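One structure is given here, and the rest of the page talks about it.
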Amino acid sequence: MLLKFDPYGIYCPQANVYIDPWKPVKNAIITHAHADHAKWGNENYLSHHLSIPILKFRLGDINVQGVEYGEEIIINGVKISLHPAGHIPGSAQVRLEYKGEIWCASGDYKLQLDGISTPFEPVRCHHFVTESTFGLPIYRFPDSQTVHQDMNDWWLKNKEEEKTSVIIGYALGKAQRIIKHLDPAIGTIYTHGAVDNLNRILEKTGLELPPTKRIISDTNKSLFKGNIVVAPPSAIGSPWMKRFLPYSVAICSGWMQLRGTRRRKSADRGFVLSDHADWAGLNQAIKETGAENVYVTHGYKSAFAKWLRENLHINAVEVDTLYEGESLNESTTPENEIDS
Amino acid sequence: MKKFAELFTVLDQTTKTNEKIEALVNYFAISDAADALWTTALLTGRKPKRTVKTSELKLWAMELSGVSEWLFEESYHVVGDLAETITLLLPPSESQTDYSLTGMMALLKTLDKEPEASKKNIIQEIWMQLNTAERFVFNKLITGSFRVGVSQQLIIKALAKHYNLVESNVTHRLMGNWLPATTTLQHLLFNPDIQEDLSKPYPFYLAYQLDVPFASLNNIQDWQIEYKYDGIRGQIIVRKNELFIWSRGEELMTDKFPEFEVLKNTLPDGTVIDGEILPFNGDEPMPFHIMQTRIGRKNLSKKSLSDAPLCMMCYDLLEYNGVDIRPLPLSERRAHLETLIETLKSNNLAAAAVLKLSPVFECHTEQQLIDLRLVSRDRMCEGLMLKHKDSLYEAGRRRGKWWKWKIDPLTVDGVLIYAQKGHGRRADLYTDYTFAVWHHNELVPFTKAYSGLTDKELVEVDSWIKKHTKEKFGPVRSVTPELVFEIAFEGINPSPRHKSGVALRFPRILRWRKDKKIEDANHKEDLLNLIQQLSNPA
Ligand SMILES: [Zn+2]
Ligand SMILES: [Zn+2]
């Protein structure tokens, strides 16, 4: 077995590297900069070069090597390369090849185009490690063009009612995806500091976004009326929100597909917008790898593995990891706002 | 159906009452009278009977979506709602047809007579012509589980606003057992003879929990003080020698209470009494679970009638000799009530035996009131009612003139031992917990509780559970016994069906006792003692 799952993470003994380890190790390949995949304390990091500024912002001055998609490095005979995962800017699947056996650990991924990440590319392999955050057939996500259209319509309606629109999405990835598709003709786009920090970093790597204004403590409250605010989940229910009154709040997440989650979060609107693959996406991605062996991690592991065995006749097993998928809960990560 | 589904979506999405009312008013403005009537019926809980078996629906949905049974079940477990599961699993619709709500309801009614095979065709065909929002509403309607997060009060407000009527009149008109098949919107809202429907009850006047200081009640002598009994709040109606008994939940329960038959020919024409239906042992009220067992029975045997003989503890008189006396002050209504019962006693003792007058207490100080509230539990009551003697009998829950002052809940400390993901509302979190108490050095489960923690605590407990799972049996995880919670409840009954031998009423989590170790949790004996204490007050 070229890869194995041990208490530190996904391990390649031949190359002595871990992929997204959750405990400190010597060599770590990081699929993407979300908090549940990129942990602190490893000696050496390797990631796509687009992830590096965010990793440094989050983890401090780490020892990190950046690579391009498709660039091959060889460690002790193992050919390692990163391939676009389409999850957030810089997100990558890790391909490992040794003596003709090919493995691919996908991290988090989606097939939907988001306008900010390099689109997902299937990697042909024998062994595929997949996530299963939305691995049930109840998750069929709407086309994201429609969702962005609905979002702008919602903003416009709030503007007509003289309300501030507050839209909630993770600071890394989701927020930029939202901002990218907001219509600046409707009004001004304001950002929470956590979102703005990441915007600035990502803009330096070449991401183009419509103009936004960072909210600071003395931003005049009257300026918000009719405009939109992009904020991370930690803002929900916090006193920071008071300045926007009267406002309407919307949450963007794949979980918004479920009425129960929409209601529990007591947002005024839920937009089904996810950076994870839905049921159809997961199935398509797995078929395209051609893998005979699939390892199912975070999400509906057992159900999805069973489905793959029964319907695609793939040797699929579930694997325990500490990744968290798309969490709606604010306090699952130390930064609160950076999560998948 | 599209407009109705849109209305449903708005009502379902917003938590703000003014937005709900606005949505309803807008809907009434664009709907015809027939659809408006059906909407009023559905939103006030007058939902049609289920005409298809849910097991069949499941099979038909599985067939269309190409999902096997176990995968359907997995999905259902996550979604927590059959109608929504089907909605999400069905393939996208092929074409769109806009049925009228009234047309759809008529179609559902005729479905009952169709053979299974054609039921299947009809439903599968409808599914494929509806958008997602309509499908969900449709599935809710055919499974008989249609419910909306909108109170009767809001519908009343919206109808009153749109049709320019007085709210309390609309409340009264919407009471009773009308159905879209038996009336029209015009008749329901505007028929001058409201008593034409003999069974029509009055809206109940409900109180809020006392949350103002004693001093602000001013003169305590101006308040009528009674026990708050723990039974079924109901209205006894006698009109033209016919008897109707309504529960507060607007359920017609006459058949459940044959004890009251005798009132039909003994109470004067045009009498409506508000009170609490309770099982009595002579003059002593019996615990609520005795009532529950009896209500749960399909057929009333001689034994169940004699085990739990019911009476009404009368609180108030709403109609006297055919006159609506709700606009009179409570002091006068009470006087009429006393006269009514006195007269009945002198005419027919048997009839008078099923009507008891709720005793009124004299309190002169706050301490007396507190003491009275404390002893109320010994009388199987749950606290006190404070009603201003000048109060008119109003409709619905109102502040100011009527207060309930419930006793604090009973509590027990239990250890978290099992957890399950929440349904629907909390599908992504472990929020359904089972708690245990000690019994001979073993933890025995004694109750489940779902609510009471803050969202933040839920998240904390959820991640704790994930890290401390011992075993998984299907959706249930057993966890290391470590966390202690204080569980509040309203009552406790012996229950041979439960491992612990007890069943709690309205259990809920009062707080997470981070200060306690599992050794500090209560013992089964504590619960059994509690039952002893409560049923044999000192
Ligand atoms: Zn993840
Ligand atoms: Zn992620």
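Just so it is clear, the structure is predicted and the values come from calculations on it, not from any experiment. In what follows, chains carry the letters A, B, and so on, assigned in the order in which the sequence lines appear, proteins first and then strands, with residues in each chain numbered from 1.
- Contact check on Lys301(A) versus Glu74(B) returns no salt bridge, with no Lys/Arg side-chain nitrogen under 4.0 Å from an Asp/Glu carboxylate oxygen.
- Heavy atoms of other residues, nucleotides or ligands lying less than 6.0 angstrom from NZ of Lys161(B) number 12 at most.
- Between Tyr139(A) and Val78(B) the shortest side-chain heavy-atom distance falls below 4.5 Å.
- Only the side chain of Lys16(B) comes within less than 4.5 Å of a heavy atom of chain A; its backbone N, CA, C and O stay farther away.
- Leu136(A) is not listed as a side-chain neighbour of Val79(B), based on a closest heavy-atom distance of 4.5 Å or more.
- The shortest distance between side-chain heavy atoms of Leu258(A) and Glu84(B) falls below 4.5 Å.
- For the pair Leu88(B) and Gln257(A), the tightest heavy-atom approach, listed with the atom from each and the gap, is CD2-NE2, 3.8 Å.
- Of the listed residues (Ser65(B), Ser75(B), Ser68(B)), the one with the most heavy-atom contacts under 4.5 Å to chain A is Ser75(B).
- Contact of Ile138(A) with chain B is made through backbone and side chain together, with heavy-atom distances under 4.5 Å.
- Considering CZ of Arg140(A) and CG of Leu90(B), their distance stands at 8.0 Å, rounded to 0.5 Å.
- Glu310(A) touches chain B through its side chain: at least one heavy atom from C-beta onward sits under 4.5 Å away, while N, CA, C and O do not.
- Annotation: maximal heavy-atom pairing with chain B below 4.5 Å, among Ser248(A), Gly237(A), Ser302(A), Pro137(A), occurs at Pro137(A).
- When the shell of 6.0 Å around NZ of Lys221(A) is examined, it contains 12 or fewer heavy atoms from other residues, nucleotides or ligands.
- Atom CZ of Arg397(B) has more than 12 neighbouring heavy atoms from other residues, nucleotides or ligands inside a 6.0 Å radius.
- Within 6.0 Å of NZ in Lys225(A) there are 12 or fewer heavy atoms belonging to other residues, nucleotides or ligands.
- Separation of atoms CZ (Phe304(A)) and CG (Leu71(B)) is listed at 10.0 Å; rounding is to 0.5 Å.
- Contacts of Phe136(B) with chain A are made by side-chain atoms alone, with heavy-atom separations under 4.5 Å and no backbone atom involved.
- A pairwise comparison of heavy atoms in Arg259(A) and Asp12(B) identifies NE-OD2, 2.7 Å as the closest pair.
- The environment of Trp70(B) atom CH2 is dense: over 12 non-hydrogen atoms of other residues, nucleotides or ligands sit within 6.0 angstrom.
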